Amino acid sequence: VQLQASGGGLVQAGGSLRLSCTNSISGAAFSRYDMGWFRQAPGQERVLVADVTWGGRKRYFIDSMKGRFTVSRDNTKNTVYLQMNNLKPEDATVYYCAADDIVLSRGTYEYWGQGTLVTVSS
């Protein structure tokens, strides 16, 4: 598994970005993995923002982002997305995608993307 994240950038407050994360190495079916999006601010721990299971069940973990962020996946494209709307300056940081191989050990993210930086100007 090799995860490639993209879609970060600079946006004005109130704007939108869509992050993408693609498994660029073929092999096991993408549907084998639960997928998560994390954020990590400088000097802080990595925090789970949202996840989507292999079957499409979605969860959101940060109250301030609920209703503004939407996680989704397209198993035919080996890609998971994080649609971020009405962005706020406090949303700015590096976002990471991760894959949890449900066959190996569900609940542990074994694979990580490289991170994509989101910057929000006020």
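Only a predicted model underlies this, so the values are computations on that prediction, with no experimental measurement involved. Only heavy atoms go into these numbers, but all of them, side chains included; no hydrogens, no water, no symmetry mates.
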(request) First locate atom CD of Glu45, then atom CZ of Arg39, and finally report the distance between them rounded to the nearest 0.5 Å. (result)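 Output value for this atom pair is 13.5 Å.
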(message) Quick check for you: to the nearest 0.5 Å, what is the distance between Arg32 atom CZ and Asn75 atom CG?
(response)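 One gets 13.5 Å once the value is rounded to the nearest 0.5 Å.
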Can you check whether [Y]'s main-chain N or O pairs, donor with acceptor, with [X]'s side chain at less than 3.5 Å?
{"X": "Asp34", "Y": "Trp54", "answer": "yes"}
{"X": "Arg73", "Y": "Val52", "answer": "yes"}
{"X": "Thr119", "Y": "Leu10", "answer": "no"}

Are [X] and [Y] connected in the hydrophobic side-chain network, where two residues link if heavy atoms are under 4.5 Å apart?
{"X": "Ile62", "Y": "Phe69", "result": "yes"}
{"X": "Tyr60", "Y": "Tyr109", "result": "no"}
{"X": "Leu3", "Y": "Leu82", "result": "yes"}
{"X": "Met35", "Y": "Val1", "result": "yes"}
{"X": "Val49", "Y": "Met84", "result": "yes"}

How close do [X] and [Y] get, heavy atom to heavy atom, and via which atoms?
{"X": "Gly36", "Y": "Leu48", "value": "CA-CD1, 4.3 Å"}
{"X": "Ala13", "Y": "Ser122", "value": "CB-CA, 4.3 Å"}
{"X": "Gly8", "Y": "Thr116", "value": "N-OG1, 3.0 Å"}

Any non-hydrogen side-chain atom of [X] less than 4.5 Å from a side-chain atom of [Y]?
{"X": "Leu104", "Y": "Glu110", "value": "yes"}
{"X": "Gln40", "Y": "Phe38", "value": "no"}
{"X": "Gln114", "Y": "Gln4", "value": "yes"}
{"X": "Tyr81", "Y": "Val71", "value": "no"}
{"X": "Ser121", "Y": "Val11", "value": "no"}
{"X": "Asn85", "Y": "Gln83", "value": "yes"}

(message) Could you check whether Ser6 and Ser20, counting side-chain N and O atoms only, form a donor-acceptor pair closer than 3.5 Å?
(response)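 No donor-acceptor contact under 3.5 Å links the two side chains.
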(request) For the residue pair Thr79 and Asp74, confirm or rule out a side-chain donor-acceptor distance under 3.5 Å. (result)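 Judged by distance alone, the side chains do not pair up.
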Is it true that [X] and [Y] have a side-chain N and a carboxylate O under 4.0 angstrom from each other?
{"X": "Lys58", "Y": "Asp51", "answer": "no"}
{"X": "Arg68", "Y": "Asp91", "answer": "yes"}
{"X": "Arg106", "Y": "Asp100", "answer": "no"}

(request) Report, as yes or no, whether the 6.0 Å neighbourhood of atom NZ on Lys66 holds more than 12 heavy atoms from other residues, nucleotides or ligands. (result)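 Enclosed.
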(request) Report the relative orientation of the aromatic rings in Trp112 and Tyr96; use parallel for angles under 30°, tilted for 30 to 60°, perpendicular for over 60°. (result)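 It falls in the perpendicular class, over 60°.
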